[in-house]
Amino acid sequence: MAMQTATAGRKARWALLDIIVVVYALVPVLWIASLSLKTKDTIADGNFIPREWTLQNYRDIFATTEFIRPLFNSIGIALIATFIAVVLGMMAAYAIARLDFPGKKLLVGVSLLIAMFPQISLVTPLFNIERQLGLFDTWPGLILPYITFALPLAIYTLSSFFREIPWELEKAAKMDGATPAQAFRRVIAPLAAPGVFTTAILVFILCWNDFLFAISLTSTEASRTVPAALSFFTGTSQFDDPTGTISAAAVVITIPIILFVLFFQRRIVAGLTSGAVKG
Amino acid sequence: MTAVVEAPPSPEPPSTRTRAQQRSAAWKRRAPLLPALLFTIAVTQVPFLVTVFYSFQSWNMVRPGSRHFVGFDNYVDVFTDSVFLSALGNTVTITVVCVLVAMLLGLGLALLLDRQFLGRGIVRTLLITPFLILPAAGALLWKTTMFDPTYGLLNWAFGIEVEWLSDYPLAAVMTQIVWQWTPFMMLLILAGLQAQSREVLEAAQVDGAGRWRTFVSITLPQLSRYLQLAVLLGAIYIVNSFDAIFLMTQGGPGTASTNLPYYIYQRAFEGFDVGQSSAMGVVVVAMTLIVATFALRLMFRAFDVSRGVK
């Protein structure tokens with residue numbers, strides 16, 4: 001009996017702790033959602049639940065190109081950079097995981113070192129070089145640095161996934177009469193796909209999140225991405241308080257990512273920790 | 001853990017091949033790695049060499065024709081610039097405090113999530129969310145919805161009126177960075193917790209070790225590699241923090257919350273002083289290289305990149 005109450009007490013303590021943790025994680029998100037739904041007059045009232053509900057903030061951000069155009073730029077630039085980085089990264093990871101050659105460790109070291117290269121010290125020269133080459137404020141002008149900083153991440157996650165693939169199966173398939181192309185398509189590609197997919201998600205998030213390059217290497221809506229555009233958000237007029245619209249924009253760009261994570265959570269966690277889990 | 005991948009068969013003994021053949025075979029094996037490597041080197045090292053070149057010049061973009069070679073003058077200026085030194089101090093403070101606090105919080109949350117309970121998946125997703133929110137949006141949200149004196153949740157929750165961003169700028173920025181990075185630490189540490197063997201834990205319990213004892217003598221040593229990794233990766237990114245400072249405080253009030261990336265950006269894009277900002281860039285690269293050497297050594301140990309070489 002005493003034993004039972006002890007475990008019940010412990011359970012209650014853990015439950016309380018869990019609730020605190022959930023509140024900690026959830027409150028800022030709900031607060032943003034609440035602000036985005038408030039009208040301009042009630043936004044400063046401090047009520048957690050809006051007294052007057054409105055979708056005006058959402059209508060505002062989609063009414064001008066101020067938000068839509070950067071959203072389009074962000075998606076396009078991040079997708080192209082992700083595609084190129086993952087393709088180049090797959091080749092490199094294949095070499096690291098499967099082939100043996102002198103100097104391999106050095107090459108891997110160099111690529112990891114680049115991941116740690118402080119981006120800020122590249123921004124000024126990139127700005128000057130891109131202006132000379134006419135790449136400033138264009139999509140390629142952002143895609144090029146994004147690929148560079150995404151590649152080390154892609155190589156690192158892909159090579160740890162590739163090491164887990166049972167490559168003997170390829171040989172077995174060839175022995176059973178499959179052509180090399182068939183062996184690759186039917187046997188290896190399905191095994192490699194989850195790793196490639198996870199890497200693509202991580203690389204996409206990396207490009208999507210960048211702020212430093214986005215703010216220094218763009219100057220107009222032609223290539224400005226969402227993070228940079230957010231810093232120019234002023235509401236409908238210059239004197240308008242942008243809190244409501246910023247909140248609405250934040251909700252719009254955050255909800256897809258939360259849904260995404262709900263669906264692919266296991267994969268993302270696996271991708272982030274794949275290297276470290278191997279003992 | 002057994003290696004599933006066998007190293008490819010080693011080449012035939014050297015006597016049967018000429019040296020040239022060997023060399024071309026070796027290059028063929030390196031070939032898939034080359035596009036990625038050449039690309040990254042081109043995009044990072046060419047601009048870096050340009051930075052080094054700029055750093056020896058006095059060049060202000062708003063004064064055309066002012067450009068000339070000045071040797072190490074820029075470097076001397078950098079190290080006697082009190083703002084640079086305070087920015088360096090702020091960078092160190094931000095990095096050390098944020099990494100440690102985020103790691104401790106992450107450890108706590110990871111321990112919490114390492115148990116079975118109802119709704120664990122949902123709680124974990126919610127906890128990861130801050131890491132996935134666009135950092136720029138995260139910074140703006142903290143600025144407008146948490147710290148703002150009128151709309152801020154903090155003042156509302158505690159019933160006080162504090163100008164968080166001008167009274168405690170560095171602490172405010174650090175809070176946002178910790179909020180952003182705690183989930184990352186949590187994920188890495190959780191992976192470490194779930195990798196430990198249940199048998200050893202049970203054996204410890206059978207031998208009469210309490211929870212605390214088990215944690216200190218078994219779990220912590222086993223986690224140390226994951227903790228080191230979390231610290232290093234976190235530090236690499238947090239040293240470069242830029243969004244939070246740019247969007248929340250603009251480095252101010254004055255230079256109270258200016259860190260190195262933000263100061264370099266300011267010198268280059270607001271002061272148009274290419275020479276000075278380049279010299280600072282080179283100094284930052286040199287410092288990063290020192291830290292990165294340690295990081296790389298650890299990563300090679302933790303990830304075992306060279307597996308299959310033997």
Side-chain angles (χ1 to χ4, degrees), chain A residues 21-22 25-26 31-32 35 44 46 88-89 91-92 94-95 99-101 105 107-109 111-114 116-122 124-126 129 144-145 148 151 163-164 166-167 209 211-212 216 227 230-231 243 246 250 253-254 257-258 261-262 265 269 272-273 275-279, chain B residues 1 4-5 7-8 26 29-30 32-33 35-37 40 43-44 47 50-51 112 123 125-129 132-137 140-141 144-145 150-151 153 156 187-188 191 195 226 229 236 240 242-243 247 261 264 268-269 274 277-278 281 284-285 288 292 296 299 302-303 305-306 309:
Chain A
V21 166
V22 174
L26 205 55
W31 182 246
I32 302 159
L35 279 180
L88 291 181
M91 292 162 64
Y94 178 83
L99 306 178
D100 184 18
F101 51 83
K105 209 167 171 176
L107 289 177
V108 178
S111 71
L112 287 175
L113 207 59
I114 285 168
M116 302 170 197
F117 209 85
Q119 304 180 349
I120 185 71
S121 55
L122 297 184
T124 327
L126 274 178
I129 293 172
L144 288 175
T148 311
L151 265 177
R163 266 202 300 266
E164 298 303 305
W167 294 96
N209 280 352
F211 179 73
L212 179 59
S216 335
L230 278 182
S231 70
T243 305
I246 287 180
I253 56 178
T254 302
I257 294 189
I258 292 181
V261 173
L262 269 176
Q265 159 157 233
V269 174
L272 279 174
T273 57
V277 182
K278 308 286 134 19
Chain B
M1 213 150 281
V4 190
V5 186
R29 299 194 156 201
R30 284 192 193 102
L33 197 56
L37 200 70
T40 37
V43 182
T44 58
V50 176
T51 309
L112 207 62
V123 172
T125 309
L126 291 175
L127 285 178
I128 301 172
T129 313
L132 298 160
I133 286 182
L134 198 65
L140 278 177
L141 291 172
T144 52
T145 67
T150 345
Y151 316 112
L153 195 59
W156 175 78
L187 282 177
L188 269 182
Y226 291 85
L229 185 70
I236 288 164
N240 285 317
F242 177 77
D243 333 19
L247 291 167
I264 296 176
F269 287 87
V274 178
S277 66
S278 300
V284 171
V285 169
T288 313
L296 272 188
M299 281 171 100
F303 300 149
V305 208
S306 54
V309 167

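What you are looking at is a predicted structure, and each value in this text was computed from that prediction instead of being measured. Note on naming: letters A, B, ... go to the chains in the order of the sequence lines (proteins, then strands), and numbering restarts at 1 for each one.
Across B:P35, B:P47, B:A136, the residue that shares the most heavy-atom pairs under 4.5 angstrom with chain A is B:P47. Listed options B:G281, B:P261, B:A137 were ranked by heavy-atom pairs under 4.5 angstrom with chain A; first place goes to B:P261.
B:D243 touches chain A through backbone and side chain together, each having a heavy atom under 4.5 Å away. Both the backbone and the side chain of A:L144 come within contact range of chain B, each with at least one heavy atom under 4.5 Å from a heavy atom of that chain. Contacts of A:I129 with chain B are made by side-chain atoms alone, with heavy-atom separations under 4.5 Å and no backbone atom involved. Both the backbone and the side chain of B:L134 come within less than 4.5 Å of a heavy atom in chain A.
Annotation: side-chain contact (heavy atoms from CB on, under 4.5 Å) contacts of B:V43 (sequence neighbours excluded): A:T148, B:F39. Every ring pair (Phe, Tyr, Trp, His ring centres under 6.0 Å) that B:F269 has, sequence neighbours left out, goes to A:F127, B:Y265.
Closest heavy-atom contact between A:S121 and B:T51: O-OG1, 3.2 Å. In terms of heavy atoms, A:P118 sits closest to B:T288 at CG-OG1, 3.4 Å.
Rounding to the nearest 0.5 angstrom, the gap separating the CD1 atom in A:I120 from the CG atom in B:N240 is 8.5 Å.
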